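Here is the structure we will look at, set down as structure tokens.
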Amino acid sequence: MTTTNQNQQRIAIIGGGPGGLTLALILQRNGIPSVIYEREREDKSHERGGSLDIHEDSGQQALKEAGLYDEFQQAARYEGEDFRLFDKTGKAYIDEVVDEEVPGGHGRPEIDRGVLCDLLLSKIDPAIIRFGYKLDKAVSLPDGTTELHFQNGIVETADLVIGADGAFSRVRPLLSNTDVSYSGLTMLELNVIADLHPDLAAFNHRGKMFALDDNKGILGQLNGDGRIKVYASFKAERHWIEESGIRADQPQEAKKQLLKIFKDWDESLQNYIRYAEDSILPRRIYMLPVGFTWQRNQGVTLIGDAAHVMSPFAGEGVNLAMQDAMELAVAIVRNKDQAKAIEEYEEKMYEYSSEKARESNDNLILCFSENAARKLSDLMNSYLERSNESVPAE
Ligand SMILES: Cc1cc2nc3c(=O)[nH]c(=O)nc-3n(C[C@H](O)[C@H](O)[C@H](O)COP(=O)(O)OP(=O)(O)OC[C@H]3O[C@@H](n4cnc5c(N)ncnc54)[C@H](O)[C@@H]3O)c2cc1C
């Protein structure tokens, strides 16, 4: 690695997802060079995951710090905050339509993951990104630096290594023996082209639809590219996918089997499976223990999913990844002493991320319990009442 910053520190960011890209961009804006090592041969963010809601107090703050807030506002879908909640009979518990006249909506506009990464990439010096660098292992050296061994055979050394390499981080083992565990939730990701199915598009509205019952769920989410991403979700044993006989390489058959599993669900909900294109992506949802911390190392730290992967039921994953990136970058800029910067960042991050991890885990349990739709609607209404109470009367 050849790049050095003012203090001759070589900063290596492993992973070019939303967290790693945000970090590199904020450092760049502050004149601090870094290098991103990304395992994919090119940017694959359009193929990975769907629409993300970006929160006012975290993801949006990071975008401001990265100098991208105006561009984000133009690309964001404020109407994507619409939310509908049903049980399996099609009984509606929540039917929220965002008033487009209200500036900023509810403060959680949607953007597709690919569009978000494109925005970040558009401002990052392309010379600092190395595609096709999959980290195999990282080794701490006696002088406090870290040796990075990539699958392409190249070995680099860095003074500060930041693991932004997601749930299955190869950097995390330098800091802890704790590994991710299966959360008990399995999802099968499907896609419906909204324009081809106007009845479903009308049912789904412009944002998210959750149908929850019998420890299962059908979740729909309209993306900016016109696809409705569908997650057929189950509380299930770790090897349920293999044991169920549902095979992603036989999508037609798999859809028939899925429809059997949801056979007593309302037609309008079954349509999310019936109308799906012929591709199915199984996803086991993994998590780190709530409140996960590690042995401090002044040359290595983690951000985003590498630091605190959690189930997506608080909608916080990408927001935390970007907030971590901002907090770490600001700490590096503020402190000449790298050890101090890491300490400052980690202490702050442990506090806010553990709170969100707890919330996410509580929501996961609630969403796959008995009478989940009613319970989730009660919870959301109580949040709403509390936030209305905290608005001072005019
Ligand atoms: C089904 C699902 C739905 C979700 N919905 C939401 C939502 O609605 N809202 C929300 O906020 N979050 C959601 N999330 C979570 C969100 O996608 C993640 O929290 C977020 O992407 C984390 O960003 P990150 O940059 O930390 O890691 P990632 O996005 O995982 O990026 C990691 C990057 O590192 C690269 N990489 C991995 N290993 C290596 C290696 N060994 N060497 C080099 N590079 C490597 C990867 O290719 C990738 O580019 C969802 C997740 C799932 C699975």
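Remember, predicted model here, so these are calculated numbers, not experimental data. Every number for a ligand or one of its atoms is a count from 1 in the order of the listing.
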Only heavy atoms of A321, strictly under 4.0 Å: list the atoms of ligand 1 that pass.
23 (O), 26 (O)
In terms of atom number and element, which parts of ligand 1 are under 4.0 angstrom from non-hydrogen atoms of Y37?
43 (C), 44 (N)
Identify the residue among D264, D213, D266 that makes a salt bridge (Lys or Arg N to Asp or Glu O under 4.0 Å) with K88.
D264
Can you list the ligand 1 atoms lying under 4.0 Å from a non-hydrogen atom of R283?
1 (C), 53 (C)
Would one find more than 12 heavy atoms of other residues, nucleotides or ligands at under 6.0 Å from atom NZ of K137?
no
For the CD atom on E359, are there more than 12 heavy atoms of other groups (residues, nucleotides or ligands in this structure) within a distance under 6.0 Å?
yes
Before signing off on this row, confirm whether L52 and ligand 1 have an N or O atom pair separated by under 3.5 Å.
no
Per-atom contacts, ligand 1 versus N319 - under 4.0 Å to a heavy atom
11 (O)
Side chain, backbone, both or neither: E316 near ligand 1, heavy atoms under 4.0 Å
backbone
Checking contacts here: is it the side chain or the backbone of F150 that comes within 4.0 Å of ligand 1, counting heavy atoms only? Could be both or neither.
neither
If I apply the N/O under 3.5 Å rule, does R39 come out as touching ligand 1?
yes
Is a side-chain donor-acceptor pair under 3.5 Å present for K229 with S51?
no
Under 4.0 Å from one or more heavy atoms of G19, ligand 1 contributes atoms 25 (O)
Quiz item: cation-pi between R206 and F83, 6.0 Å / 45°:
no
Side chain, backbone, both or neither: which applies to R170 and ligand 1 if a contact is any heavy-atom pair less than 4.0 Å apart?
side chain
Any idea how F234 and W240 line up, ring-wise: parallel (<30°), tilted (30 to 60°), or perpendicular (>60°)?
tilted
Give me the ring orientation class for F86 and F203: parallel if the planes are under 30° apart, tilted from 30 to 60°, perpendicular past 60°.
parallel
Out of all atoms in ligand 1, which are within 4.0 Å of some heavy atom of G166? Include the element for each.
27 (O), 30 (O), 32 (C)
Only heavy atoms count here, so choose which of Q151, M310, E38 is nearest to atom 46 (C) of ligand 1.
E38
How does P312 reach ligand 1, by side chain, by backbone, by both or by neither, if only non-hydrogen atoms under 4.0 Å count?
side chain
Nearest neighbour of atom 32 (C) of ligand 1 from the list G15, A164, A307, A138, on a heavy-atom basis:
A164
Between D378 and R374, is there a side-chain N and carboxylate O pair less than 4.0 Å apart?
yes
Under 4.0 Å from any heavy atom of Y133, which atoms of ligand 1 are there?
42 (N), 43 (C)
Where on Y231 is there a heavy atom closer than 4.0 Å to ligand 1, on the side chain, on the backbone, on both, or on neither?
side chain
May I ask you to check whether M187 has an N/O atom sitting below 3.5 Å from an N/O atom of ligand 1?
no
For the pair E242 and R284, find out whether any cationic side-chain nitrogen is under 4.0 Å from an anionic carboxylate oxygen.
yes
Can you see which heavy atom on G217 is nearest to which on L212, and at what distance?
CA-CD2, 4.1 Å
Look at atom 22 (C) of ligand 1 and find which of D136, T22, D305, D53 reaches it with the closest heavy atom.
D305
For atom CG of D143, decide whether the heavy atoms of other residues, nucleotides or ligands shown that lie under 6.0 angstrom number more than 12.
yes
Cationic tip of K216 within the cone over F368's six-membered ring, i.e. under 6.0 Å and within 45° of the normal?
no
Using heavy atoms and a 4.0 Å limit, tell me yes or no: is R113 in contact with ligand 1?
yes
Look at atom 11 (O) of ligand 1 and find which of L302, I13, V318, D324 reaches it with the closest heavy atom.
V318
Using a strict cut-off of 4.0 Å, indicate which atoms of ligand 1 neighbour a heavy atom of P18.
23 (O), 25 (O), 29 (O)
Quick check on K348: does its NZ atom have over 12 non-hydrogen neighbours (other residues, nucleotides or ligands) under 6.0 Å away?
no
